[in-house]
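Take a look at the structure below.
To find a chain, count down the sequence lines: A is the first, B the second, and so on, and within it residues start at 1.
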Number of protein chains: 4
Amino acid sequence: MNPKREKIFNAAVKKFSEKGTTGTTMKEISQEAGVGKGTLYRYFEDKEDLVSSLMSYGFERLTEVIKREIEGIESATDKIKKVVEVQLEFYKKHCDFCRFLTREFWGYKNKFEENIKEIRSDYTVVIEGIIEEGIEENEFKAKDPEVAAVSLIGMVNLTALHWFMFKGEVAVDKIREEVIDIFLSGMLN
Amino acid sequence: MNPKREKIFNAAVKKFSEKGTTGTTMKEISQEAGVGKGTLYRYFEDKEDLVSSLMSYGFERLTEVIKREIEGIESATDKIKKVVEVQLEFYKKHCDFCRFLTREFWGYKNKFEENIKEIRSDYTVVIEGIIEEGIEENEFKAKDPEVAAVSLIGMVNLTALHWFMFKGEVAVDKIREEVIDIFLSGMLN
Amino acid sequence: MNPKREKIFNAAVKKFSEKGTTGTTMKEISQEAGVGKGTLYRYFEDKEDLVSSLMSYGFERLTEVIKREIEGIESATDKIKKVVEVQLEFYKKHCDFCRFLTREFWGYKNKFEENIKEIRSDYTVVIEGIIEEGIEENEFKAKDPEVAAVSLIGMVNLTALHWFMFKGEVAVDKIREEVIDIFLSGMLN
Amino acid sequence: MNPKREKIFNAAVKKFSEKGTTGTTMKEISQEAGVGKGTLYRYFEDKEDLVSSLMSYGFERLTEVIKREIEGIESATDKIKKVVEVQLEFYKKHCDFCRFLTREFWGYKNKFEENIKEIRSDYTVVIEGIIEEGIEENEFKAKDPEVAAVSLIGMVNLTALHWFMFKGEVAVDKIREEVIDIFLSGMLN
DNA sequence: TATGAATGAGAATTCATTCAT
DNA sequence: AATGAATGAATTCTCATTCAT
């Protein structure tokens, strides 16, 4: 990627996470990025485009990493374990981005809405695929793979964010163990 | 509650859900509520206060309903089942409010931050309590009740919102069954 | 007319005449008018609306005055004399407005274009009517009343503006005599 | 003239006529001209200089053509006829330029103001000269040659522009006949 | 000599908030 | 108590101009 575009992305993530997209001004982003205000508009149509490009970019990176990491893993159970781990690591590393994402994803009508939905769908579908596979192989017993996939994402997403917001850091190991255990074996003794 | 305050709350929820808090103007809220713009400032200090009051109010209602509904239920397992059901019904009924909540909760510095954190904590703590109870009673096996509680909230929250956003309505029955099953018994066959 | 709207109109004419519509900022107008910047937007949709409203308003006033003044005059010749006199007086009195008009009328596409064309047409048509009348009464000999009408307007318009720009004031008496003489009797000896 | 300078002139006239000088960006001109944006600044000090150079250039061409065409013509009457014809042809051929001129000429303070006034004066003076000549030769009867000259220019200028704007084309023949007739013989029967 | 990426002053416009009625 | 006209700080975005390549 163009290095200046990347500089802008990094500055935007930081600011958006701290103050929200609407609470952040283009001027602040340009200052954080160390470029002129006008330069933002050379790389992005407008603020909306910057926000949605950033969201797409992040989702794509996350989906990419997950796809790459589960490659070669055989059982659906092991794949799920890896997915949880990779996601938590991603959240820990890019917690600014993840806060931004959680906040802005459930967004309101904007010109890029469809585009975003598609990207997010990609990400959900990967996890859904693993669950379907597990069902076929008789490893898993879920009736509705979509509910199961979104549930898993929800568990990881909210616990990670909860830790980040209330304790200051994502406790990857602790969360991973517990989440995997609950998701795979349930709470019942 | 003061009926005019309630009118304003209802108008605000509707608009905030449609267009976000920053995308909604005080004028729009006043028109939706059928009162003068100045009147809003009689009932709320400023916009920030309106947003955070609304958030507290909603969390309190949800916590209240949950507390009331699990009263008298004996086993932790049944309590969890009820919690999931009540939450999904609440999401279905007040999906505007829930979208607003998810978006605005992971909020950014504002004068009411501490207040909000406390309220949200109340809500988490109720569920954490049920889980702790279940552990004590040897019904549950979780190592970390907090992770477990937030995981459950995350599952319900995200599946409900996912259905609302991508399918237009929250499929309470389907989600409830699957989520309860996963949370209690896990995915493994 | 609303007194605040009028204050804004007067301020806008003055500034537009001095610096052109695009050379004048909304801030300057608001300062000249002694109102807040936001107030301009209570009375006009946007800058374009302010410009075109002003143009319509001026054309309407001019057309109105002309219509009123020629009422009761019998011969077309006398009517033409009155038209030239009234126009020159108007130009002298509102030379700011006239400079603005001449400059901005031959404008470029904008949302109010059709509206403006209609208003200007009204004004041209009045003069065309007098000429047609004169032809019917055998007073005048023009073959094309439209060319004749626009010619007269052009003579008055440009001489008045020329005097204003190059000599600082519109010499009403001198211009009136000569223009009427040329238009009615021609240059030939 | 330098061919690149001419390319820029042509591009600028086209754009200025379509969208006004302030509505046209330097980038648009450079693209229309097929040169880099920076190149414009090699041939013109700044935008103001481009506008005023263009205006001077056009006035000079028009004055030049008129001077050349009336050379050798004897009577003032015939010279006036030729002047009207030449002007109308020029307007028809360069209507973009003429619209630009009418709009921008009644210009506002800028660093090249004096220069422009002089050029325009040149043009007026040629026609004034013809009229003075006619008076001396007893062909014409005007009392004030300046009013007469500006009147003629006004007639031609506004009728041509009126036709261009409201009918899409300058009807040279029709306008010429009528304007010459009015100017020389007047309207009276 | 020619280019176009980068800049930042400045423009139009919005909107939370105030306050006279 | 209720209203909505008025305000101006703040925001997004544009574009003339510069300058390194």
Side-chain angles (χ1 to χ4, degrees), chain A residues 2-5 7-8 21-31 33-51, chain B residues 2 4 7-8 21-31 33-51, chain C residues 2-5 7-8 21-31 33-51, chain D residues 2 4 7-8 21-31 33-51:
Chain A
N2 181 306
K4 198 156 279 184
R5 201 178 150 95
K7 254 187 6 187
I8 295 172
T21 53
T22 29
T24 304
T25 68
M26 294 301 262
K27 196 180 176 195
E28 282 170 332
I29 296 172
S30 76
Q31 281 168 341
V35 303
K37 204 154 28 95
T39 306
L40 302 186
Y41 292 88
R42 178 166 285 286
Y43 292 92
F44 302 93
E45 260 177 60
D46 49 22
K47 199 183 181 186
E48 232 178 343
D49 183 29
L50 171 55
V51 170
Chain B
N2 181 306
K4 199 160 274 183
K7 263 204 327 203
I8 295 173
T21 53
T22 10
T24 303
T25 66
M26 292 302 262
K27 195 182 176 197
E28 281 170 329
I29 296 171
S30 75
Q31 282 170 338
V35 302
K37 201 143 43 85
T39 306
L40 302 185
Y41 290 87
R42 223 161 233 301
Y43 292 92
F44 301 93
E45 258 178 62
D46 51 23
K47 200 183 180 185
E48 230 177 348
D49 181 30
L50 171 55
V51 170
Chain C
N2 182 304
K4 199 155 277 184
R5 201 178 151 95
K7 254 188 5 187
I8 296 173
T21 53
T22 28
T24 303
T25 68
M26 292 303 261
K27 195 180 175 196
E28 283 169 332
I29 296 171
S30 76
Q31 282 168 340
V35 302
K37 208 149 30 87
T39 305
L40 302 186
Y41 291 88
R42 178 167 284 285
Y43 293 92
F44 302 93
E45 259 178 60
D46 50 22
K47 199 183 182 187
E48 232 178 343
D49 182 31
L50 171 56
V51 170
Chain D
N2 181 306
K4 198 160 277 185
K7 263 205 325 203
I8 295 172
T21 52
T22 11
T24 303
T25 66
M26 293 302 262
K27 194 180 179 200
E28 281 170 329
I29 296 171
S30 76
Q31 282 170 338
V35 302
K37 201 145 43 90
T39 307
L40 301 186
Y41 291 85
R42 218 157 240 304
Y43 293 91
F44 301 93
E45 258 177 63
D46 51 23
K47 200 184 182 185
E48 229 177 347
D49 181 30
L50 171 55
V51 170

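- Annotation: the span from D:K37 atom NZ to D:M26 atom CE amounts to 9.5 Å, rounded to 0.5 Å.
- Remark on DNA chain E: of its neighbouring residues D:G34 and B:T22, the 5'-side contact belongs to D:G34, judged by nearest-heavy-atom nucleotide.
- One interatomic measurement links the two molecules: CG of A:D49 to C1' of F:dT12, which rounds to 14 Å at whole-angstrom precision.
- For the residue pair C:K4 and C:N2, the shortest heavy atom distance occurs at N-OD1, 2.7 Å.
- Summarising the geometry, the separation between CZ on B:R42 and P on F:dG4 is reported as 15 Å, rounded to the nearest angstrom.
- The nucleotide E:dT7 finds its pairing partner in F:dA16, both defining distances of the Watson-Crick or G-U wobble pair being shorter than 3.5 Å.
- Under the Watson-Crick or G-U wobble criterion, with both distances below 3.5 Å, F:dT21 is paired with E:dA2.
- Separating the CG atom of C:L40 from the P atom of E:dA12 is a distance of 10 Å, rounded to the nearest angstrom.
- Counting any heavy atom pair closer than 4.0 Å across all strands shown, B:F44 reaches no nucleic acid atom.
- As a whole-Å value, the separation of A:E45 CD from F:dT14 C1' is 15 Å.
- Nucleic acid contact for C:T24: sugar-phosphate only, since backbone atoms but no base atoms lie under 4.0 Å from a heavy atom of the residue.
- In this structure, C:T25 does not reach the E:dA11 phosphate: none of its side-chain N or O atoms is under 4.0 Å from OP1 or OP2.
- Across all their heavy atoms, D:K47 and D:T21 have their closest contact at NZ-O, 2.8 Å.
- Closest of all the heavy-atom pairs between A:I8 and A:A33 is CA-CB, 4.1 Å.
- Proximity of D:K27 to the phosphate of F:dT17: no side-chain N or O atom is located under 4.0 Å from OP1 or OP2.
- Heavy-atom distances to DNA chain F give each of B:V35 and A:Y41 a nearest nucleotide, and the one nearer the 5′ end belongs to B:V35.
- With distances taken from any side-chain atom of D:K4 to the nucleotides E:dA2, E:dA12, F:dA5, the minimum falls on E:dA2.
- Taking atom CD of D:E28 as the reference point, atom P of F:dC15 lies 8 Å away to the nearest angstrom.
- Closest to the side chain of C:D46, from the set F:dA5, F:dA2, E:dT13, is E:dT13.
- When each of D:V51, D:T39, D:D49 is tested with D:F44 by the rule side chain to side chain contact (heavy atoms under 4.5 Å, CB included), just one qualifies, namely D:D49.
- A straight line from CG of A:L50 to P of F:dT12 spans 11 Å, rounded to a whole angstrom.
- Counting non-hydrogen atoms under 4.0 angstrom, B:K37 reaches a base of the nucleic acid.
- Nucleotide E:dT13 holds its C1' atom 18 Å from the OH atom of C:Y43, rounded to whole Å.
- Counting to the nearest Å, the P atom of F:dA16 and the CD atom of D:Q31 are 12 Å from each other.
- Both A:K47 and A:T39 lie close to DNA chain F; mapped to their nearest nucleotides by heavy-atom distance, the more 5′-ward contact belongs to A:K47.
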